[in-house]
Amino acid sequence: EHTDTNLIITDILMERMEGIQLMYELIHDHPDLTTIAVTYGGSFSQDEYDRLADIFNIRRSFIIPFDPGELLRTVKQFVKIDRINHASAV
């Protein structure tokens, strides 16, 4: 399936589908997708988040509570990088 989506922001722990399952499916179907993960912390340690980041190509993670401005700056940074990469590929 083709998609123009290049950035996903997801929670790691969700009610109906675990974010880990979602990230697995996304990275399997769209390996170049940039993922930003959000979580409330829960039972994961920072080392476990770092391992998940490596496995699922998570470019940045935020633990709730986080600064919404920092999330916005991160999204803008990745959008800018994607535009630069797209322009140089054309």
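Atom CG of L71 sits about 8.5 Å away from atom CZ of R60, to the nearest 0.5 Å. The structure places CD of Q77 at 12.0 Å from CG of L72, a figure rounded to the nearest 0.5 Å.
Residues satisfying the salt bridge (Lys or Arg N to Asp or Glu O under 4.0 Å) test with R73, not counting sequence neighbours, are D67, E70.
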